[in-house]
Amino acid sequence: MSVMRKVLLAGSTNAWLRDHATKYGFVKRSVSRFMPGEHVDDALRAAKEQQPLGIGTILTRLGENVTRAEEAEEVTQHYLDVIDKVAASSLDAQISIKPTQLGLDFDRGLCERNMDRLMERVEQRNNFLWIDMESSPYVDPTIELFRRTRAQSSRIGIAIQAYLFRTAKDIDALAPLGAAIRIVKGAYLEPPNVAYPNKADVDEGFYKLCVRLLAPDAQKPGALLHIATHDIALADRLSAYIAHNKIPKTAYEFAMLYGINRQQQLRLARDGQRLRVLISYGEYWFPWYMRRLAERPANVWFVAKNMFS
Ligand code: FDA
């Protein structure tokens with residue numbers, strides 16, 4: 001892992017930096033590249049614009065590690081409203097939450113109850129809910145939350161990170177459930193005893209995990225692979241595997257983030273691939289934005305350019 005990436009990821013959890021950096025106009029201008037706006041209506045507008053291109057949406061409100069029941073309640077209520085708004089506007093838009101937004105850090109029971117309320121609304125509105133994966137201490141409780149919810153509904157998916165040593169085992173355990181799984185490389189600063197430090201190992205792991213989830217024994221009702229990457233070589237390698245093995249389109253979707261490798265997004269849509277673009281919004285964007293910078297340290301120059309423009 002490069003020094004720059006480490007510095008940026010360490011900065012993502014720094015409260016002083018968050019309080020100061022977010023006040024600057026040039027930082028806000030740089031963020032707008034990855035986020036159509038802070039309000040949910042900005043995200044819904046962007047979702048509406050990409051729908052005619054054949055691109056579906058996943059909506060997520062930024063925020064993590066809430067510390068009070070009232071905050072978790074506010075987030076839950078917000079997502080209940082978003083699910084209703086999506087249904088009312090006939091958008092092809094799913095939602096994605098972080099367990100620590102629903103209260104996981106201080107009251108697991110509350111987090112589960114909030115999840116149940118969201119799932120009830122998801123069922124009513126025929127929508128679908130994804131659970132993001134946060135840093136490694138959260139993997140066990142997040143998988144437990146997923147298993148518990150999956151036992152009641154198939155309208156639930158989970159993100160799993162290729163950079164963790166444990167992931168191949170987790171996938172073997174989850175595959176028999178008929179699970180919707182979003183494979184991502186992983187965005188947090190993890191110690192070398194937990195995660196592969198070398199990018200090449202992560203990339204190879206990502207490929208193998210996807211192949212594992214496309215195997216015939218993983219094709220249970222409710223199974224869906226989300227290939228969530230902007231890595232064109234990796235996506236092409238998986239597309240070649242899929243074509244060679246005549247894997248049906250119903251078994252997988254590509255997923256990417258708003259504002260990243262747009263040409264690849266348009267290419268996938270033009271080629272008739274199923275694609276969802278995750279659109280983030282909200283005021284609490286600092287840690288998330290630092291993780292985006294860390295994924296491509298060249299983005300820091302983009303911030304610097306905005307500072308002088
Ligand atoms: P990689 O980092 O190798 O990038 C490949 C290429 O993509 C780069 O060369 C560059 O061209 C472009 N690129 C990638 N990131 C960029 C950026 N920020 N700015 C500009 N260009 C960029 N992580 C996590 O830990 N938990 C989660 O729940 C999720 N959820 C999630 C959902 C979806 C839909 C996506 C696409 C990603 C996530 N992630 C995530 C983030 C993920 O773990 C990972 O950090 C990023 O996707 C970057 O990795 P890539 O696979 O894109 O490859």
Side-chain angles (χ1 to χ4, degrees), residues 1-2 4-5 8-9 12 30-35 50 55-60 62-64 93-101 128-139 142-143 145-146 157-164 167 170 180-190 194-196 198-207 209-210 224-238 252-265 267-268 274-280 285 287-303:
M1 190 188 280
S2 74
M4 179 73 121
R5 184 167 155 83
L8 289 166
L9 287 176
S12 73
S30 312
V31 175
S32 65
R33 176 181 169 194
F34 299 112
M35 191 171 93
Q50 60 186 14
I55 302 177
T57 298
I58 303 172
L59 296 167
T60 198
L62 298 169
E64 46 206 88
Q94 305 175 340
I95 65 167
S96 202
I97 59 98
K98 286 187 170 44
T100 67
Q101 285 182 306
F128 193 93
L129 184 141
W130 289 95
I131 308 180
D132 287 353
M133 188 59 79
E134 299 171 74
S135 59
S136 57
Y138 293 109
V139 175
T142 302
I143 290 180
L145 186 66
F146 170 75
I158 184 170
I160 297 283
Q161 296 150 328
Y163 64 8
L164 298 179
T167 291
D170 286 335
I181 297 184
R182 172 206 297 166
I183 298 291
V184 298
K185 288 191 186 176
Y188 295 82
L189 183 58
E190 297 290 357
V194 167
Y196 292 101
N198 291 329
K199 182 171 156 41
D201 294 328
V202 180
D203 294 356
E204 190 56 26
F206 188 111
Y207 176 80
L209 293 166
C210 291
L224 176 69
L225 167 66
H226 255 201
I227 304 171
T229 185
H230 315 96
D231 185 333
I232 297 175
L234 187 53
D236 284 351
R237 191 176 169 206
L238 281 161
Y252 67 96
E253 279 181 1
F254 288 91
M256 296 174 73
L257 300 178
Y258 180 87
I260 301 185
N261 278 3
R262 179 75 177 151
Q263 287 312 314
Q264 167 75 348
Q265 297 181 7
R267 181 174 77 122
L268 287 170
R274 299 203 302 164
L275 168 68
R276 282 191 184 276
V277 166
L278 189 149
I279 302 177
S280 301
W285 42 259
W288 163 85
Y289 180 57
M290 291 296 275
R291 292 198 290 271
R292 300 292 78 83
L293 292 185
E295 282 157 5
R296 194 159 180 257
N299 286 339
V300 174
W301 298 117
F302 181 73
V303 182

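For ligands, and for the atoms within them, numbers begin at 1 and follow the listed sequence.
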A.B. asks: So is there a nitrogen or oxygen of R182 less than 3.5 Å from a nitrogen or oxygen in ligand 1?
C.D. replies: yes
A.B. asks: At a 4.0 Å cut-off, with the gap strictly under it, does some heavy atom of K199 reach an atom of ligand 1?
C.D. replies: yes
A.B. asks: Polar-atom distance check: I260 versus ligand 1, any N or O pair below 3.5 Å?
C.D. replies: no
A.B. asks: Can you tell me which portion of R292 lies within the under-4.0 Å heavy-atom range of ligand 1? Options are side chain, backbone, both, or neither.
C.D. replies: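 Both backbone and side chain of R292 come within 4.0 Å of ligand 1.
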A.B. asks: If you measure from each non-hydrogen atom of N261 to ligand 1, which part falls under 4.0 Å: side chain, backbone, both or neither?
C.D. replies: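 The side chain, only.
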A.B. asks: Can you label the angle between the F128 ring and the W130 ring as parallel, tilted or perpendicular, going by 30° and 60°?
C.D. replies: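 Rings of F128 and W130: tilted, as their planes differ by 30° to 60°.
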A.B. asks: Whether the side chain of T142 engages the backbone of M133 through a donor-acceptor N/O pair (distance < 3.5 Å, no angle test) should be reported.
C.D. replies: no
A.B. asks: Are any of the heavy atoms in F34 under 4.0 Å away from ligand 1?
C.D. replies: yes
A.B. asks: Heavy atom under 4.0 Å from ligand 1: found in A159's side chain, backbone, both, or neither?
C.D. replies: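 Near ligand 1, A159 shows its side chain, while the N, CA, C and O stay back.
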A.B. asks: For ligand 1, which part of Y188 has a heavy atom less than 4.0 Å away: the side chain, the backbone, both, or neither?
C.D. replies: side chain
A.B. asks: For atom 49 (O) of ligand 1, tell me which residue out of K98, R291, K185 has the closest non-hydrogen atom.
C.D. replies: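 Considering heavy atoms of K98, R291, K185, the nearest to atom 49 (O) of ligand 1 sits in K185.
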A.B. asks: Is a donor from one side chain sitting under 3.5 angstrom from an acceptor on the other, for T57 and Q94?
C.D. replies: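 Result is no, nothing qualifies.
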A.B. asks: I'd like to know if the side chain of D231 and the backbone of A233 have a donor-acceptor N/O pair within less than 3.5 Å.
C.D. replies: yes
A.B. asks: Holding to salt bridge (charged side-chain N to carboxylate O under 4.0 Å, His left out), I want the full list of residues that pass it with R182, two or more places apart in sequence or in another chain.
C.D. replies: D132
A.B. asks: Please name all residues satisfying salt bridge (charged side-chain N to carboxylate O under 4.0 Å, His left out) with D236, sequence neighbours left out, ordered by chain then number.
C.D. replies: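 Per chain and number, D236 pairs via salt bridge (charged side-chain N to carboxylate O under 4.0 Å, His left out) with R267.
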A.B. asks: Examine Q161 against ligand 1 and note whether any of their N/O atoms are separated by less than 3.5 Å.
C.D. replies: yes
A.B. asks: Ignoring angles and geometry beyond distance, decide whether R33 reaches within less than 3.5 Å of ligand 1 through its nitrogen or oxygen atoms.
C.D. replies: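 No - when backbone and side-chain N and O of R33 are compared with those of ligand 1, no distance drops under 3.5 Å.
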A.B. asks: Verify the distance criterion only: is there a donor paired with an acceptor across the side chains of E190 and S135 at less than 3.5 Å?
C.D. replies: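 Short answer, no.
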A.B. asks: Backbone or side chain, does any N or O of M133 fall under 3.5 Å from an N or O of ligand 1?
C.D. replies: yes
A.B. asks: Do T60 side-chain atoms and S96 backbone N/O form a donor-acceptor pair below 3.5 Å?
C.D. replies: yes
